[in-house]
Amino acid sequence: MLPDYEDFRLRADAVRQRISSACIGAGRDPAGVELLAVTKFFPAEAVAYAARYGLRAVGENRVQEAAEKRPLAPPGIAWELIGHLQSNKARLAAGLFDRIDSVDSEKLLVLLDRAASELGKKLPVLLQVNSGHDPAKSGVEPEESDALLAKALSLPNIRVEGLMAIAPLSEDPDVARRAFASLREIRDHLASSHGVALPVLSMGMSGDLEAAIREGSTLVRVGSALFGARV
Ligand SMILES: *Cc1c(COP(=O)(O)O)cnc(C)c1O
């Protein structure tokens, strides 16, 4: 159940505090890490909370859910897709979202480029990389990331802003840390070999945002720490 706004505000302040402490511990400026509120499974009111709190964007993991919710939510906040996108929903997603953070195939890139062209927009994306080699997670394997970026850079209606990863679920915190470090190394390598910036590194969630920030995250995707358990 969605908490009331006051409860949400306290939770959001606490998450911000965690982000700041992690940044200070890592010698980073807290302004360099953005909080993306993950509103999946929660009603449109959760999006209104995020907007009222002053967040730039919310993340949703399913196209259909976002399509139903967006008309009910206030304007003035950006929507990002953070879950796997099926080809047959590419066109709908290109119109609905302000950025697709989970692009994981060349086929999808081509479909999104075509849809963006028809919509007369340049669509921002992140490329999702399975940097933790997790068989259960989507994202391209690190070895395929170079070809995926090359494809994205060749498309006129796509703008690649960075990379995203989800750490494998593990009891061992080192597993997540290695996946985060690996995403940063992949980003550094791709940025220099292609001569592009790739400033956004989307990694870290409620349970592991400190480790992600230590390894260079610029965008943490936080759901349960803001809104409570998804039931
Ligand atoms: C649900 C989800 C999150 C948020 O997870 P919490 O543990 O609730 O913070 C982050 N990223 C992705 C891709 C998700 O699907």
Side-chain angles (χ1 to χ4, degrees), residues 1-3 7-8 10-19 21-22 33-47 49-50 53 55-67 69 77-86 89 93 96-105 108 124-140 161-171 173 175-177 179-180 182-183 200-231:
M1 214 183 73
L2 189 68
D7 190 13
F8 165 81
L10 294 172
R11 286 168 170 274
D13 287 348
V15 171
R16 278 224 175 290
Q17 190 55 53
R18 283 175 63 192
I19 293 172
S21 305
V33 179
E34 191 188 0
L35 172 58
L36 180 77
V38 176
T39 47
K40 67 183 185 198
F41 298 9
F42 286 101
E45 210 184 346
V47 180
Y49 285 6
Y53 190 74
L55 300 182
R56 183 192 58 86
V58 294
E60 286 281 331
N61 72 333
R62 283 161 51 203
V63 177
Q64 196 50 47
E65 183 179 337
K69 225 185 273 184
I77 189 160
W79 290 61
E80 302 189 2
L81 182 65
I82 59 172
H84 179 66
L85 177 57
Q86 290 168 293
K89 301 218 172 91
L96 184 61
F97 290 97
D98 300 287
R99 187 169 70 193
I100 311 290
D101 295 5
S102 48
V103 172
D104 60 359
S105 76
L108 196 51
V125 304
L126 304 180
L127 305 180
Q128 187 178 352
V129 181
N130 188 6
S131 67
H133 295 284
D134 185 345
K137 289 277 161 27
S138 47
V140 285
E161 297 186 335
L163 306 181
M164 166 187 168
I166 304 172
L169 272 182
S170 170
E171 299 283 290
V175 169
R177 195 192 52 73
F180 297 144
S182 166
L183 190 72
V200 179
L201 269 187
S202 171
M203 52 189 200
M205 322 199 303
S206 293
D208 56 17
L209 65 89
E210 284 85 359
I213 288 170
R214 270 198 301 280
E215 298 301 337
S217 173
T218 68
L219 183 72
V220 292
R221 308 178 305 266
V222 178
S224 49
L226 291 175
F227 300 110
R230 292 178 291 272
V231 285

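Just the heavy atoms: all of them, side chains too, but no hydrogens, waters or symmetry mates, feed the values below. Just so you know, ligand 1 is whichever comes first in the structure, and atom 1 is the first atom listed for that ligand.
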Pair Thr39, Glu60: side-chain N/O donor-acceptor within cut-off below 3.5 Å: yes
Could you walk me through whether Arg62 and Lys40 satisfy the side-chain contact (heavy atoms from CB on, under 4.5 Å) test, starting with their C-alpha distance in whole Å, then the side-chain angles of each, then the deciding distance to 0.1 Å, before giving a yes or no? CA-CA 8 Å; Arg62 283 161 51 203; Lys40 67 183 185 198; over 6 Å; no
Contact region, Met164 to ligand 1, non-hydrogen atoms below 4.0 Å, reads side chain
Would you check, one step at a time, whether the test side-chain contact (heavy atoms from CB on, under 4.5 Å) holds for Arg221 with Met164? CA-CA 10 Å; Arg221 308 178 305 266; Met164 166 187 168; 3.6 Å; yes
Which of the numbered atoms in ligand 1 are below 4.0 angstrom from a heavy atom of Gly223? 4 (C), 6 (P), 8 (O), 9 (O)
Heavy-atom pair with the smallest gap, counting every atom of Ser206 and Leu209: O-CD2, 4.2 Å
Any atoms of ligand 1 less than 4.0 Å from a non-hydrogen atom of Ile166? List them with their elements. 13 (C)
Which residue holds the protein heavy atom closest to atom 9 (O) of ligand 1, what is that atom called, and what is the gap in Å? Ser206 OG, 2.5 Å
Where does the angle between the aromatic ring planes of Phe227 and Phe42 fall among parallel (under 30°), tilted (30 to 60°) and perpendicular (over 60°)? tilted
re atom 11 (N) of ligand 1, the protein heavy-atom contact at minimum distance is Arg221 NE, 2.8 Å
I'd like to know whether CG of Leu169 has more than 12 heavy-atom contacts from other residues, nucleotides or ligands below 6.0 angstrom. no
Where is the nearest protein heavy atom to atom 10 (C) of ligand 1: which residue, which atom, and how far? Met205 SD, 3.1 Å
Worked check of side-chain contact (heavy atoms from CB on, under 4.5 Å) between Tyr53 and Leu226: CA-CA 11 Å; Tyr53 190 74; Leu226 291 175; over 6 Å; no
Counting heavy atoms only, which of Asn61, Ile82, Val222, Leu81 is nearest atom 12 (C) of ligand 1? Ile82
Can you pull out the closest protein heavy atom to atom 5 (O) of ligand 1? Residue, atom name and distance to 0.1 Å, please. Arg230 NH2, 3.9 Å
Write out the residue and atom name of the closest protein heavy atom to atom 14 (C) of ligand 1, then the distance separating them to 0.1 Å. Lys40 NZ, 3.0 Å
